[in-house]
Amino acid sequence: MTVAHAPLDHEPSTMLYLNSHTLADPAALQAAGIIAPQFDRTAVAERTADSPTWIHFGAGNLFRCFHAALQQDLLNKGLADTGIVVVDTWDDEVINTIFHDRDNLSLKVVMKANGDIEQELIASVTESHYLAAENPAAGQRVRAIFANPSLQLVTVTITEKGYNLEAPGGDLSALVLKDIADGPAHARHAMSHLAALLLERYQHGAQPIAMVSTDNFSHNGEKLSAAILLIASRWRAGGFVDDGFIAYLRDRSRVSFPWSMIDRITPSPSAAVAAELRTAGFGDTDILKTPKNSTTAPFVNTEEVHYLVVEDDFPNGRPPLEHAGVYLTDRDTVNKVERMKVCTCLNPLHTAMAVYGCLLGYTSISAETADAEIAGLVHQIGYVEGLPVVTNPGIIEPRAFLDQVVQERLPNPRIPDTPQRIAADTSQKVGIRFGETIKQYLAEGCTNELTFIPLAIAGWIRYLIAVDDQGEPFTLSPDPMNDHLQTALAGITLGDPGSIGGKLRPILENVGIFGVDLYTAGLGTAVEGYVAELLAGPGAVRTTLRRHLAAATDTIHSNSKVS
């Protein structure tokens, strides 16, 4: 479904649209306040077709405003001469409508905290493909790219669920089992596609390649490697591949899986931003909601702050990414930065704000920051419970990073982000965003010091009841485990904490969700108690937050008097 915008009374009579004609008119771009590419795109596209160096999987908003913008920066500086090929294995409509229909062009819109916007026409993407059995031409082209010795790196942004090979019960999913049974020629799951494409590269000289996950979770390179190796090993057992292919995947000098940390808040496209763009003379502002739940538009609205830290392990060479602001470093440093951000200083705060924001009726992250209880919850999770277990990575100072998140990034009213967007796929996130910190407290034998991380987990359970703090039903954000979890929680009712019964234990002890059995960690009973408080009746969510924040304040005052 495309959400079209009615013409504004004051919009220009001549509008700019994303196509090659607009690209060839730098004066019109300048008049509209849009930064134009500074390279010969035709020549870049020809070199990319012959000697591709970079292919990306996941044609989402983050890719267009971050990865594609990085390569554009290098192209503008004369430090690269090829573009990026983008592939999607999930949503054909995104490829057809956003990429093909716009000559692979995008408009990056940076929303600055001071109210300004910066617009740049991104032209670094030269090819786009929907990889699926029903699209054989795309499959042939992508296989040819993987067979080409020139290919240096593959980057991936498909979110946590794209790496998951398991069904809710913990066994391999039916889709993955079918991929294993049918072999590389019939891949369907994203990880199966990547394994099959690496087989293509192996069969054409076993050329080196870097497989770079830039998804937003801990040890992403390790998880990418494990998923691909599991599928490949099952294919070996089925006789589809030989031992040499497994050895190729395990040889870091030929196939590397660098770890990375990526950070740029990129919400779904905003109708308010679209209207602002139209007023300035840009007409390609229709927002697309596809049948597969992708929300996108020809433009991408994003924040100014961004970080990308990557382990410098590229066996076939790489673009000079350090000249585009990327930190290239060792694995240990990446791990420390990633833990700082994903496990403490940003992502856990986002998830807590998402579930409690939905429960308290918010539709804006920036508006939530003015809520005393939510701000207090964020402070406790970030500064009090999270920051003490963060190791300083050296290249980014944790306290300064957290201050920037809390004081500048989350309150930015120009970023049209919503708790509903961030609440999507929470079952795939809580194990990283909270579980890793819990493990650290568990290792030190002091999980009893945690209050607000368990309260955030309880807030997610309360969110899954799909009734807000006023007792009104709401629609849960998409999550692959929604049906499974709601079935497990069936019968739990607002106003009747006793209806919980023993229904929470199978969820809270699920290591696949939290990365740890919360009962073994000494937190399961506490989470049950918090859920009961949150279910006491209408208004209980607000009351519960106030109660525990007041208790935390009293504890600080008492400790101050003692000292």
Side-chain angles (χ1 to χ4, degrees), residues 113 216 263-265 267 303 305 307 339-390 396-424 426 429-430 432-438 440-441 449-463 468-469 477 527 530 533-534 541-556:
N216 197 10
D263 181 21
R264 187 167 208 168
I265 298 172
E303 66 173 338
V305 176
Y307 299 92
R339 291 181 67 85
M340 176 197 74
K341 183 254 182 180
V342 175
C343 305
T344 305
C345 294
L346 176 54
N347 297 65
L349 314 184
H350 249 165
T351 293
M353 293 180 77
V355 296
Y356 277 99
C358 291
L359 290 170
L360 293 174
Y362 282 99
T363 57
S364 164
I365 289 292
S366 62
E368 280 191 71
T369 62
D371 185 294
E373 281 71 53
I374 291 180
L377 177 65
V378 164
H379 177 85
Q380 291 290 331
I381 292 173
Y383 289 94
V384 178
E385 296 184 353
L387 206 54
V389 297
V390 172
I396 302 172
E397 203 282 315
R399 177 74 183 228
F401 182 91
L402 181 56
D403 287 345
Q404 185 183 50
V405 167
V406 172
Q407 298 170 17
E408 300 175 30
R409 298 175 67 185
L410 295 179
N412 184 352
R414 298 286 287 159
I415 300 298
D417 212 353
T418 69
Q420 290 75 24
R421 181 189 77 89
I422 296 169
T426 299
K429 302 172 181 175
V430 287
I432 301 299
R433 299 186 177 191
F434 300 118
E436 293 301 308
T437 297
I438 290 171
Q440 288 187 262
Y441 275 84
E449 297 179 8
L450 294 174
T451 297
F452 292 91
I453 287 176
L455 189 57
I457 292 170
W460 176 51
I461 302 296
R462 170 66 179 81
Y463 160 88
D468 69 17
D469 200 30
S477 298
V527 173
Y530 295 148
E533 291 182 49
L534 294 167
V541 171
R542 176 74 68 186
T543 299
T544 300
L545 288 175
R546 284 177 177 164
R547 180 186 305 121
H548 290 286
L549 288 167
T553 301
D554 290 344
T555 299
I556 292 172

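Basis for what follows: all heavy atoms, side chains included, without hydrogens, waters or symmetry-related copies.
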Excluding sequence neighbours, so at least two apart, what forms ring pair (Phe, Tyr, Trp, His ring centres under 6.0 Å) with Tyr307?
-> Phe401
Sequence neighbours excluded, the answer for ring pair (Phe, Tyr, Trp, His ring centres under 6.0 Å) partners of His379 is Tyr383
Which heavy-atom pair separates [X] from [Y] by the least distance, and what is that distance?
X: Thr451; Y: Glu385; answer: N-OE2, 2.7 Å
X: Thr418; Y: Ile365; answer: C-CG1, 3.9 Å
X: Leu387; Y: Cys345; answer: CD1-SG, 4.1 Å
X: Thr426; Y: Thr351; answer: CG2-CG2, 4.0 Å
X: Leu455; Y: Tyr356; answer: O-OH, 2.8 Å
X: Ile381; Y: Ala456; answer: CD1-CB, 3.9 Å

Just grab all the salt bridge (Lys or Arg N to Asp or Glu O under 4.0 Å) pairs involving residues 369-384, residues at least two apart or on different chains.
-> Asp371-Arg542, Glu373-Arg542, Glu373-Arg546
Identify the residue among Arg414, Arg264, Glu408 that makes a side chain to side chain contact (heavy atoms under 4.5 Å, CB included) with Glu303.
-> Arg264
Rounded to the nearest 0.5 Å, how far does [atom2] of [Y] lie from [atom1] of [X]?
X: His350; Y: Arg421; atom1: NE2; atom2: CZ; result: 6.5 Å
X: Ser366; Y: Asp417; atom1: OG; atom2: CG; result: 9.0 Å
X: Leu402; Y: Leu349; atom1: CG; atom2: CG; result: 6.5 Å
X: Arg339; Y: Thr344; atom1: CZ; atom2: OG1; result: 7.5 Å
X: Leu534; Y: Tyr463; atom1: CG; atom2: OH; result: 15.0 Å
X: Tyr530; Y: Leu545; atom1: OH; atom2: CG; result: 11.5 Å

How far apart are the C-alpha atoms of Ile457 and Phe434, what are their side-chain angles, what is the distance that settles it, and do they pass the side-chain contact (heavy atoms from CB on, under 4.5 Å) test?
-> CA-CA 8 Å; Ile457 292 170; Phe434 300 118; 4.2 Å; yes
Any donor-acceptor pair under 3.5 Å linking the side chain of [X] with the backbone of [Y]?
X: Lys429; Y: Ala424; result: yes
X: Ser477; Y: Gln420; result: yes
X: Thr437; Y: Arg433; result: no

Mind checking whether Arg399 and Val390 have side chains closer than 4.5 Å, heavy atoms only?
-> no
Minimum side-chain heavy-atom gap Met340-Ile396 below 4.5 Å = yes
Audit row: Met353, Thr369, side-chain contact (heavy atoms from CB on, under 4.5 Å) steps and yes/no = CA-CA 9 Å; Met353 293 180 77; Thr369 62; 3.8 Å; yes
Test Glu533 against His548 for side chain to side chain donor-acceptor pair (under 3.5 Å), laying out the working first.
-> CA-CA 11 Å; Glu533 291 182 49; His548 290 286; 3.0 Å; yes
Full working for side-chain contact (heavy atoms from CB on, under 4.5 Å) between Asp263 and Val405 = CA-CA 11 Å; Asp263 181 21; Val405 167; 5.6 Å; no
